[in-house]
Amino acid sequence: MATKLSVYSLSLLPSPFVDSSSLSLPRFPSPIVPSLPLHFATRCTFRARFPLTTSRISRRSLTPSLAVMFPDNPVLSDVCASGITTVIAFACLRFWGEFGKRGIFDQKLVRKLVHVSVGPVFMLCWPLFSSGLRGAVLASLVPGGNIIRTLLLGLGVYHDEGTIKSMSRYGDRRELLKGPLYYALAITLSCAFYWRTSPIAIAVICNLCAGDGMADIVGRRLGTEKLPYNRNKSVAGSIAMAAAGFLASVGYMYYFASFGYIEDSGGMILRFLIVSTVAALVESIPISSEIDDNLTVPLTSALVGTLVF
């Protein structure tokens with residue numbers, strides 16, 4: 001009935017190509033139909049079939065970030081954001097590099113402090129970039145530059161004693177071509193492919209950085225009780241990894257939700273717990289040590305995150 005009324009009501013509209021004075025409108029036996037508003041009839045007909053509003057996620061992905069420096073010039077804003085993020089990331093590496101060079105902390109501890117801090121500090125800068133592909137690509141160039149730097153150091157093209165000590169176990173530059181290189185690759189790919197609107201990027205980086213880093217720090221100090229299936233791993237270290245990865249993920253969930261990139265919910269918190277727990281279990285098995293946990297942890301987090309989110 002609504003369809004007929006709306007079509008018939010549309011036929012009563014005067015056309016700009018027809019003289020309305022020459023129109024002879026039919027008389028209706030009842031006053032109800034001609035008095036029915038046109039917009040009411042069309043709304044009754046088309047609202048359910050053709051929603052006119054976009055989804056909340058679509059609107060959120062197109063909304064400029066509150067932290068963007070030049071909203072009217074997003075290209076300039078992204079370039080400036082990339083420069084600022086590069087300076088911050090380099091300052092973080094240089095800070096721990098000085099600790100390693102001066103021997104203030106144990107070399108293994110400095111290495112794990114770099115491991116824990118670099119990725120999360122980089123994620124703190126993501127709101128500076130615009131939404132969309134350009135922001136994701138320019139942001140990913142920052143850890144991408146670290147990939148090149150790691151390769152040059154590992155291959156011996158140039159030498160930086162502080163950085164090598166802060167990123168290697170035994171001070172050998174060739175170590176940078178394994179774990180540190182996988183670390184930079186995981187962060188770069190997570191940024192480029194998932195970006196800040198996906199909880200998978202949060203899960204990958206937080207479990208790789210906070211989770212895996214704290215597993216080693218806590219395990220070396222409190223890991224007296226070893227796992228029955230892997231004597232190189234401790235119960236305390238595995239618990240610390242799951243807890244640190246989970247808490248960091250929830251923290252960044254609320255951080256990005258405050259900018260409107262994702263929605264915080266109890267269901268998402270539970271999913272982060274699942275991802276962190278599985279990542280800690282995979283990190284504890286012997287094969288993870290043989291391959292490199294900087295490779296197995298992000299792969300596991302991405303795979304499980306794809307299944308649960």
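Just so it is clear, the structure is predicted and the values come from calculations on it, not from any experiment.
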Dump the intermediate steps for side chain to side chain contact (heavy atoms under 4.5 Å, CB included) on Val304 and Thr300, then the final yes or no.
CA-CA 6 Å; Val304 178; Thr300 302; 4.1 Å; yes
Mark yes or no for whether Ser284, through its side chain, and Leu281, through its backbone, hold a donor-acceptor pair below 3.5 Å.
-> yes
- Item | Heavy-atom side-chain contact between Cys125 and Ile88 under 4.5 Å | yes
TODO: Report yes or no: does His115 contribute a side-chain atom to a donor-acceptor pair with the main-chain N or O of Ala210 at less than 3.5 Å?
DONE: no
### Message
Let me check something: do Leu177 and Leu185 share a hydrophobic cluster, defined by ILVMFWY side-chain heavy atoms less than 4.5 Å apart, either directly or through other members?
### Response
yes
Donor-acceptor side-chain pairing of Ser131 and Arg196 below 3.5 angstrom
yes
When Asn230, Leu227, Val218, Thr277 are each screened for side chain to side chain contact (heavy atoms under 4.5 Å, CB included) with Ser238, the one that passes is Leu227
Value for CD1 (Ile147) from CG (Leu152), rounded to nearest 0.5 Å, stands at 12.0 Å
Would you confirm whether Asn294, through its side chain, and Tyr182, through its main-chain N or O, come within 3.5 Å as a donor-acceptor pair? no
N/O donor-acceptor pair under 3.5 Å between Asn73 side chain and Leu76 backbone
yes
- Item | Side-chain heavy atoms of Leu153 within contact of His159, under 4.5 Å | no
Tell me whether Val278 shares a hydrophobic cluster with Val308, the cluster being built from Ile, Leu, Val, Met, Phe, Trp, Tyr side chains joined at under 4.5 Å. yes
CD of Glu283 to CG of Asp212, rounded to nearest 0.5 Å, is 5.0 Å
*Hey, does the side chain of Tyr255 reach the backbone of Leu124 with a donor-acceptor pair shorter than 3.5 angstrom?*
yes
Test side chain to side chain contact (heavy atoms under 4.5 Å, CB included), reference Tyr194, set Leu189, Ile205, Thr306, output is Thr306
Counting heavy atoms not belonging to Arg134, are there more than 12 under 6.0 Å from its CZ?
yes
Thr188 and Ser140 have their tightest heavy-atom pair at CG2-O, 3.6 Å
Taking every heavy atom of Leu176 against every heavy atom of Gly154, the minimum-distance pair comes out as CB-CA, 4.3 Å
Nearest heavy-atom contact between Gly245 and Asn207 is CA-OD1, 3.5 Å
query: Got Phe246 and Cys206 here, is their nearest side-chain heavy-atom distance under 4.5 Å?
result: no
Q: Please confirm whether the backbone N or O of Asp78 pairs with a side-chain atom of Ser82, one donor and one acceptor, at under 3.5 Å?
A: no
Scanning both residues in full, the closest heavy-atom pair of Trp195 with Gly132 reads NE1-O, 3.9 Å
Margin query: Please tell me whether Ile84 and Phe90 are part of a single hydrophobic cluster in this structure, the criterion being side-chain heavy atoms less than 4.5 Å apart.
Written below: no
Between Pro199 and the options Glu263, Arg271, Met268, the side chain to side chain contact (heavy atoms under 4.5 Å, CB included) test singles out Met268
Subject >> Path from Val114 to Phe95 over hydrophobic side-chain contacts below 4.5 Å >> reply: yes
Check: Is the number of heavy atoms from other residues, nucleotides or ligands under 6.0 Å of Leu270 CG greater than 12?
Finding: yes
Note: Leu138 and Phe129 closest approach over all heavy atoms is C-CE2, 4.0 Å
Arg221/Asp216 salt bridge by N-O under 4.0 Å criterion: no
Mind checking whether Asn146 and Val118 have side chains closer than 4.5 Å, heavy atoms only?
-> no
Minimal heavy-atom distance between Cys209 and Gly119, with the atoms involved, is SG-CA, 3.7 Å
Any salt bridge linking Lys178 with Asp292? Criterion: basic side-chain nitrogen under 4.0 Å from a carboxylate oxygen. no
Inset, instruction - Could you tell me whether the side chains of Thr150 and Tyr183 share a donor-acceptor contact shorter than 3.5 Å? - result: no
*Step-by-step side chain to side chain contact (heavy atoms under 4.5 Å, CB included) determination, Arg220 to Lys108*: CA-CA 10 Å; Arg220 289 182 183 276; Lys108 293 180 180 179; 3.8 Å; yes
Interatomic distance, OG@Ser117 vs CH2@Trp96, rounded to 0.5 Å, equals 6.0 Å
*Do the two ring centres, one from Tyr261 and one from Trp126, sit under 6.0 Å apart?*
no
Rounding to 0.5 Å, atoms CE (Met123) and OG1 (Thr85) come to a distance of 13.0 Å
Determine, step by step, whether Lys233 and Asp293 satisfy the side chain to side chain contact (heavy atoms under 4.5 Å, CB included) criterion, reporting the C-alpha distance in whole Å, the side-chain angles of both residues, the deciding distance to 0.1 Å, and the verdict. CA-CA 12 Å; Lys233 302 289 183 179; Asp293 49 15; 4.1 Å; yes
OG1 of Thr197 to CD1 of Ile262, rounded to nearest 0.5 Å, is 9.0 Å
Requested in this report: Output yes when a side-chain donor or acceptor of Ser276 lies under 3.5 Å from a complementary backbone atom of Leu273, and no otherwise.
Outcome: no
Side-chain heavy atoms under 4.5 angstrom apart, residues restricted to Ile, Leu, Val, Met, Phe, Trp, Tyr: same cluster for Met167 and Val116? no
**Message:** Applying ring-ring contact (aromatic ring centres under 6.0 Å, His included) to Phe272 and Phe309, what does each step give before you reach the verdict?
**Reply:** CA-CA 9 Å; Phe272 278 128; Phe309 288 115; 5.1 Å; yes
In this structure, CD1 of Ile164 is separated from CZ of Arg111 (nearest 0.5 Å) by 14.0 Å
Report task. Start with the C-alpha gap between Val282 and Val297, add the side-chain angles, then the distance that decides, and say whether side chain to side chain contact (heavy atoms under 4.5 Å, CB included) holds. Result -> CA-CA 7 Å; Val282 171; Val297 169; over 6 Å; no
